[in-house]
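Worth knowing before you read on, the calculation uses all heavy atoms, side chains too, and leaves out hydrogens, waters and symmetry mates.
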Amino acid sequence: MQAIGGLCAILAGVAGFVYSVAFLVVSRASPEAGRLWSAIFLLLGGLFSTGALTALFERLRNTKGEGLALWALLLGLAGVMGAAIHGGYDLAGALHPAQAGPPSDAPSQIDPRGLLTFAVSGLALIVFGALISGGAAVPRGLGTLAYAQGALLIILYLGRLIVLAPTSPVIVIPAILSGFIAGP
């Protein structure tokens with residue numbers, strides 16, 4: 001986890017820098033482009049930070065206070081997931097600005113277009129798939145299934161974010177595969 005955590009820390013730093021440039025510089029020249037790019041990199045920075053925080057917890061938990069390290073991890077994860085959610089909400093709004101219509105067309109402020117439900121859960125399944133595939137504690141076929149379900153969930157998030165229409169094959173096909181085959 002230390003190598004992945006280090007890479008995630010570097011990527012979170014880069015994402016934070018690009019977010020700042022987009023938010024402070026690009027948005028002055030082009031408000032729409034600034035909003036889009038700052039949203040993307042705020043979301044990515046939050047997600048990359050989860051790996052960095054987990055590696056930091058792993059390194060510090062055996063010091064004086066495992067409970068304190070766990071508390072710091074939980075607070076940190078809540079904070080960076082808040083950043084990811086904020087970025088996800090802004091991204092959903094930048095791609096599909098709110099219009100008069102049914103409230104169901106507006107993104108949720110808590111889980112914009114399924115950021116947590118689909119994208120983060122899908123990422124978790126892919127990580128679990130890697131752990132299962134690399135070990136002997138669980139049958140390896142479950143690792144492959146975890147990879148497949150994780151990918152389907154991420155595709156669903158991207159479909160709801162970019163395409164939006166729930167009747168689009170980009171959403172219907174992964175929803176059927178995930179909900180009726182891979183998920184159960």
Worksheet item: Does a sphere of radius 6.0 Å around CG in L74 hold more than 12 heavy atoms from other residues, nucleotides or ligands, not counting ones at 6.0 Å or beyond?
Response: yes
Response to the item:
Shortest non-hydrogen pair, R113 vs R160, comes out as CD-O, 3.2 Å
Response to the item:
The reported gap from OG1 in T54 to CG in L77 (rounded to nearest 0.5 angstrom) is 5.5 Å
Item to complete: Identify the two heavy atoms, one from A22 and one from S38, that lie closest to each other, and give their separation to 0.1 Å.
Response: CB-N, 3.5 Å
Fill in: Path from M1 to L7 over hydrophobic side-chain contacts below 4.5 Å
no
Worksheet entry | Results of side-chain hydrogen bond (donor to acceptor under 3.5 Å, both in side chains) for T144 - residues two or more places apart only | none
Item to complete: Can you measure from NE2 (H86) to CG (L115) and round to the nearest 0.5 angstrom?
Response: 12.5 Å
Discussion item. If you define the side chain from C-beta out and look only at heavy atoms, does anything of Q109 sit under 4.5 Å from I85?
Written reply: no
Practice prompt. Taking all heavy atoms of L43 and all of G88, pick out the closest pair and write down the distance.
Written response: CD1-CA, 3.4 Å
Worksheet item: What are the two closest non-hydrogen atoms of P107 and A92, and how far apart are they?
Response: CB-CB, 3.7 Å
Worksheet item: Do L11 and V80 belong together in a cluster built from hydrophobic side chains that touch within less than 4.5 Å?
Response: no
Discussion item. Donor-acceptor check, side chain of S30 to backbone of S27, threshold 3.5 angstrom: yes or no?
Written reply: no
Worksheet item: With hydrophobic residues grouped by side-chain heavy-atom distances under 4.5 Å, do V120 and F118 end up in a single group?
Response: yes
Fill in: Minimum side-chain heavy-atom gap I126-I154 below 4.5 Å
yes
Worksheet item: Between L116 and L44, is there a shared hydrophobic cluster once you connect ILVMFWY residues whose side-chain heavy atoms come closer than 4.5 Å?
Response: yes
Worksheet item: Do V18 and W37 come close enough that some side-chain heavy atom pair is under 4.5 Å?
Response: no
Response to the item:
When rounded to the nearest 0.5 Å, the distance separating CG of L142 from CG of L131 is 13.0 Å
Practice prompt. Drop me the distance from L177's CG to I155's CD1, to the nearest 0.5 angstrom.
Written response: 9.0 Å
Fill in: Euclidean distance, I4 CD1 relative to F48 CZ, rounded to 0.5 Å
12.5 Å
Worksheet item: Side chains of L73 and R61: does their closest heavy-atom pair fall under 4.5 Å?
Response: no
Discussion item. I want to check something: taking the side chain as every heavy atom from C-beta on, are S133 and Y147 in contact at a cut-off of under 4.5 Å?
Written reply: yes
Worksheet item: Any sub-3.5 Å donor-acceptor pair from Q149's side-chain atoms to L125's backbone N or O?
Response: no
Worksheet item: Hey, any chance L158 and L152 share a hydrophobic cluster, counting ILVMFWY side chains that come within less than 4.5 Å of each other, even indirectly?
Response: no
Worksheet item: How far apart are the closest heavy atoms of G45 and A12, and which atoms are they?
Response: O-CB, 4.0 Å
Fill in: Donor-acceptor contact present, side-chain H96 to main-chain L161, <3.5 Å
yes
Discussion item. How long is the straight-line distance from OH of Y157 back to OG of S121, given to the nearest 0.5 Å?
Written reply: 12.5 Å
Worksheet item: Is the closest side-chain heavy-atom distance between L47 and M81 below 4.5 Å?
Response: yes
Worksheet entry | Considering all heavy atoms, the nearest I40-L91 contact | CG1-CD1, 3.6 Å
